[in-house]
Amino acid sequence: MQIKKIRPGAKTPLRGSEYAAGSDLFACLDAPMTIAPHDTAMIPTGLAIALPSSTFGAVFARSGLAVREGLRPANCVGVIDEDYRGELTVALYNDSGTDRIIEPGERIAQLVVLPYIMPDFEVVDALDQTARGKDGFGSTGK
């Protein structure tokens, strides 16, 4: 997959192990950035990417950062469309009750590249019936 470093200090995404599904994204900052409790900060990565055809980039939390520091993507999962060519920026939300500091070069999220299907939508008068039907939230048990 093609990537372009558009800021000095940008780091190439890195997989943490041979079979890791995600590649770590790094903060491309000139100085540490503080995220106040229950606030969101836009963290640049310094990268632009060209995703493979029929894929999108999903930006997920790094589990350690979320569990230990209370930091996660503000939108829970970011979606990078195949045709986007701008800088990848991670909106990090601080779920904790204390300030959190993001250091330059720190791993802030992980990028997973996934295939997608683009359906044609057809408006109909009725849908096929299933055993579940309209039953929703919690209807299949605990």
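Computed over heavy atoms, backbone and side chain alike; hydrogens, waters and symmetry mates excluded.
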- Query: When Ile, Leu, Val, Met, Phe, Trp and Tyr are grouped by side-chain heavy atoms lying under 4.5 Å apart, directly or through other members, which residues fall in the same group as F26?
  - Reply: L14

- Less than 4.5 Å apart, any side-chain heavy atom of R15 and any of D24? no

- With hydrophobic residues grouped by side-chain heavy-atom distances under 4.5 Å, do V90 and Y93 end up in a single group? no

- Task: Taking only Lys NZ, Arg NE, NH1 and NH2, and the carboxylate oxygens of Asp or Glu, determine whether D95 and R72 approach each other closer than 4.0 Å.
- Result: yes

- Note on the structure: In this structure, CZ of R107 is separated from OG of S23 (nearest 0.5 Å) by 12.0 Å

- Task: Kindly determine whether I101 and M33 satisfy side chain to side chain contact (heavy atoms under 4.5 Å, CB included), including the steps that lead there.
- Result: CA-CA 6 Å; I101 297 173; M33 180 182 285; over 6 Å; no

- Please examine the side chains of P32 and P104, heavy atoms only from C-beta on, and report whether any two atoms are closer than 4.5 Å. yes

- Task: Check which hydrophobic residues are tied to L114 through side-chain heavy-atom contacts below 4.5 Å, counting indirect links as well, and list them.
- Result: F56, F60, V77, V79, V112, Y116, M118

Compile the donor-acceptor pairs under 3.5 Å between side chains in residues 36-54 and protein atoms, sequence neighbours left out, one pair per line.
from : atom 1 : to  : atom 2 : distance (Å)
T45  : OG1    : L47 : N      : 3.2
T45  : OG1    : L88 : O      : 2.7

- Hey, mind stepping through N94 and D99 against side chain to side chain contact (heavy atoms under 4.5 Å, CB included) and telling me if it holds? CA-CA 8 Å; N94 181 355; D99 285 351; 5.5 Å; no

- Smallest heavy-atom separation, R100 atom then E69 atom, equals NE-O, 2.6 Å

- Note on the structure: Heavy-atom closest pair (K11 atom, K5 atom, distance to 0.1 Å) is C-CE, 4.3 Å

- Linked, directly or transitively: L111 and L29 (ILVMFWY side chains, under 4.5 Å): yes

- Evaluate the criterion side chain to side chain contact (heavy atoms under 4.5 Å, CB included) for residue pair L71 and I102; output intermediate values, then yes/no. CA-CA 10 Å; L71 295 172; I102 301 299; 3.6 Å; yes

- Message: Taking the side chain as everything from C-beta on, heavy atoms only, tell me whether T55 gets closer than 4.5 Å to M1.
- Response: no

- Query: Got more than 12 heavy atoms from elsewhere within 6.0 Å of CZ, R85?
  - Reply: yes

- Over all atoms of both residues, closest heavy-atom pair of C28 and P8: SG-O, 3.5 Å

- Query: Do I3 and I6 belong to the same hydrophobic cluster, where Ile, Leu, Val, Met, Phe, Trp and Tyr are linked whenever their side-chain heavy atoms lie under 4.5 Å apart, directly or via other members?
  - Reply: no

- When rounded to the nearest 0.5 angstrom, what is the spacing between CG in L127 and CD in Q129? 8.0 Å

